[in-house]
Asker: 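I'd like to ask you about the structure that follows.
Order of appearance sets the numbers: ligands from 1, and atoms from 1 within every ligand. Along the sequence shown, residues carry numbers from 1.
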Amino acid sequence: MSLQFLEQYKTMTICAISTAPGTGGIAVARISGPQAIEITDKIWRGKSLSAAKSHTARLGTIFDPDTKEDLDSAVATVYRSPKSFTGEDVVELSVHGSTWIQRELINILIRNGARLAEPGEFSRRAFAAGKMDLAEAEAVADMIASSSRAAHRIAMSQMRGEYSRRLSKMRDDLLQLCALLELELDFSEEDVEFADRTTLITLAETIHETVTRMSASFATGNALKNGVPVAIIGATNAGKSTLLNRLLGDDKAIVSSIHGTTRDTIEDTAEINGILFRFIDTAGLRKTTDPIESIGINRSLTAISRANILLWMIDPSNPKLEETATQIKEHLNAETTIIAVINKADLGLTPPPLPDFVSTSILISAKTDHDLSPLHDALTHAVNTDSTPTDMTVTNARHYQSLLLAAQATTSAISALKSQLPADLVAQDLRQTIHHLATITGDITTPDILSHIFSHFCIGK
Ligand SMILES: Nc1nc2c(ncn2[C@@H]2O[C@H](COP(=O)(O)OP(=O)(O)OP(=O)(O)O)[C@@H](O)[C@H]2O)c(=O)[nH]1
Ligand SMILES: [Mg+2]
C-alpha cells in the first residue's frame, strides 16, 4: 500500500452495523467521515439530508442507485461535526433488522464511496478527535460487555471520566513539580531550589499511596468484571452438581446418585444481588484408582487453590469429613472464604462438627429448597465489603500494569528525594511516573498500542 493510499484510507468515510449481529426489530448502521452525509444522500429517497440540521431525524427510503430498487424505509439521524460521537459528520440509519437488509445496506454504502469500518474504528476516531481519552474509550467497551450491576457501575463511572480526571490531576501535579526541578538544572551553578523538597516528598507519597491503592483494587475489579470465582467442592455425591444447576437455573451438570458422576470442572456465571459469580462445579474428592477420575480430582484441587470463595458441600449422611478437610486445607489459599454448605436438610440428619478453617456454615436442601436466599446472602457477604468497587476501582489489565510501573517509579522517586539525590535523578523518576500514568489515559501512546486496544472492540463501535 502506498503512503498516499494509507493516508486516504485513514480519513475515508466508514460504515458498519452498530447493533448486535443477527435478526432484530431494528438495526442501526453508522456512517462517519467527511462524506457521511453526501454518501447517504446518494442512496436516500426523501428530503435531502444535506439540508438537515445536526441532531435531527428524517424518515425516508433507502434505495440502490445502480438498480434503482428500494431496499427499506428508514430513519436517518444526522450529527454534524464536531458535535458527534466521532467528532466527524455522522449519519445513523435505522432500518428493519433483517440480516439481508443489513448486509445489503452496507454493500450499497460501500459501492457509493464508504468503506467498512475496522473493529473499534468509530471509538478510535472519537479518541483521535479528543472526544474521549483511552480509559474512557475502554470503559465504553466494558460497559457494552458488562453483565452485572457491579461491572456496569464501574464502567459507567469510568466512562463519565472521573477516573481519567483523577489520573490527569496526579499527572499535572507531577508535571508542575518536575518542571520546577528541571528549571533548577538550568541554574545549576547558582545552587537554587525552586521545588520545595518537603512538598515534593508529600506529593510523591500521596501519589504513591493512590496508585498502590488503585493497583490493589484490580483483584476485586477483575473479579467483579469477569465473575467472582466460586468453586463448589466436597466429597462425591454431596450434591455439588445439584447446587450448580440450582444457582444457574439451568440443567448444566449431570446429577446422579452414582458417586463420581462429575469428572471434569464445569463452570458458568450467574448474577446474584448485583454481583457476577463464576461457579465452578468440580469432581467429588475421594480415593480412586481410576486414572480419568484422578485427573478430574486434580482439577478440583486446582480449582480450590484459585477460587475466592469455596462452597464446601457436605452430605450429613456421609459425615466422614477428615479426609476431605485435609485435602481442602492443603490446597487452600490464605484469602479464600470457605462456606460449608450442609446439604440434604430435607433428610433431617444432624450436621457433623466442622473444622476451624470454615468461615460460615449454612444448612440447605439443594434439591428441595424453593428459596436459596440464605446461600445468596452468604455469597454476597463473602465478597469482602472492604473491596466494594469505587470510582477508582481498576478493572483493566493494561491499566493495572501501568499502575504497578508507576508505583515502582514513585518508590524510587521518594527514596531519591529522601536521600537528597541531585535534581536530575529525581526528575527522571518523576518523568517515569508521569509516563506510566499518561499511558492509561492515552496521552502518551503509540499507533501499535492503539491498534492493539481498538482491535478488541466490536465492529460498529
Ligand atoms: N435428599 C436430597 N438429595 C439430594 C439433595 N441434593 C442432591 N441430592 C441427591 O444426591 C445425589 C448426588 O447429587 P449430585 O449433585 O450429582 O452430587 P455431586 O456432589 O455432584 O456428586 P459427584 O459428581 O459424584 O461428585 C443425587 O441423587 C441428588 O438427587 C438434597 O438436597 N436432598
Ligand atoms: Mg457432580
Asker: If you measure every N/O of N237 against every N/O of ligand 1, is any gap under 3.5 Å?
Answerer: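 Such a contact does occur with ligand 1.
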Asker: Testing I339, V341, L321 one by one against W312 for a side-chain contact (heavy atoms from CB on, under 4.5 Å), which residue passes?
Answerer: L321
Asker: I need the atoms of ligand 1 closer than 4.0 Å to a non-hydrogen atom of D346, numbered in the order shown.
Answerer: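 With D346 as reference, the close atoms of ligand 1 come out as 1 (N), 2 (C), 30 (C), 31 (O), 32 (N).
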Asker: Heavy-atom pairs closer than 4.0 Å: do any link ligand 1 to the side chain of A345, the backbone, both, or neither?
Answerer: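 For A345, no heavy atom sits under 4.0 Å from ligand 1.
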Asker: Output yes if S241 passes the N/O/S-under-2.8 Å test against the Mg ion (ligand 2); output no otherwise.
Answerer: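 Yes - counting backbone and side chain alike, S241 has an N, O or S atom under 2.8 Å.
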Asker: Under 3.5 Å between some N or O of ligand 1 and some N or O of L347?
Answerer: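 In fact, backbone or side chain, L347 has no N or O that close.
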Asker: Indicate the atoms forming the closest heavy-atom contact of L285 with S300, along with that distance.
Answerer: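 For L285 versus S300, the nearest heavy atoms are CD2-CB, 4.0 Å.
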Asker: Would you indicate whether the side-chain heavy atoms of M214 and H399 approach each other to under 4.5 Å?
Answerer: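 No - every pair of side-chain heavy atoms lies 4.5 Å or more apart.
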Asker: Below 2.8 Å, can you find an N, O or S atom of T242 next to the Mg ion (ligand 2)?
Answerer: no
Asker: With heavy-atom distances below 4.5 Å as the criterion, would you say the side chains of L349 and K344 are in contact?
Answerer: no
Asker: Can a salt bridge be assigned to the pair K367 and D346 using a cut-off of 4.0 Å between side-chain N and carboxylate O?
Answerer: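 Salt bridge: no.
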Asker: For S365, take its heavy atoms, then give the atoms of ligand 1 lying under 4.0 Å from any of them.
Answerer: 30 (C), 31 (O), 32 (N)
Asker: Short list, please: which atoms of ligand 1 are under 4.0 Å from a heavy atom of I258?
Answerer: 24 (O)
Asker: Please check whether A283 reaches ligand 1 - meaning an N/O of the residue sits under 3.5 Å from an N/O of the ligand, judged on distance alone.
Answerer: no
Asker: List every atom of ligand 1 that sits less than 4.0 Å from any heavy atom of S241, numbering the atoms from 1 in the order shown and giving each element.
Answerer: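 Matching atoms, with element in brackets: 15 (O), 18 (P), 20 (O).
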Asker: Within a distance under 4.0 Å of any heavy atom of N343, pick out the atoms of ligand 1 and give their elements.
Answerer: 5 (C), 6 (N), 7 (C), 31 (O)
Asker: Considering the options V95, I106, T99, which one meets the side-chain contact (heavy atoms from CB on, under 4.5 Å) requirement together with I17?
Answerer: I106
Asker: Inspect the contact between E121 and R30 and indicate whether a charged nitrogen and a carboxylate oxygen are less than 4.0 angstrom apart.
Answerer: no
Asker: Could you list which atoms of ligand 1 come closer than 4.0 Å to a heavy atom of G284?
Answerer: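 Counting from 1, the qualifying ligand atoms are 25 (O).
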Asker: Among I280, I232, I362, L244, which one satisfies side-chain contact (heavy atoms from CB on, under 4.5 Å) with L311?
Answerer: I232
Asker: Do any N/O atoms on T282 end up under 3.5 angstrom from N/O atoms on ligand 1?
Answerer: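 No; every N/O pair is 3.5 Å or more apart.
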Asker: Taking distance alone, with N or O pairs closer than 3.5 Å, would you say H259 contacts ligand 1?
Answerer: no
Asker: In terms of atom number and element, which parts of ligand 1 are under 4.0 angstrom from non-hydrogen atoms of G260?
Answerer: 24 (O)
Asker: Quick check on contacts: which atoms of ligand 1 are under 4.0 angstrom from a heavy atom of K240?
Answerer: 15 (O), 17 (O), 18 (P), 19 (O), 20 (O), 21 (O), 22 (P), 25 (O)
Asker: Taking distance alone, with no angle check, do G239 and ligand 1 share an N/O pair under 3.5 Å?
Answerer: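 Yes; at least one N/O pair falls below 3.5 Å.
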Asker: Does any non-hydrogen side-chain atom of P355 lie less than 4.5 Å from one of E322?
Answerer: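 No; the side chains remain at least 4.5 Å from each other.
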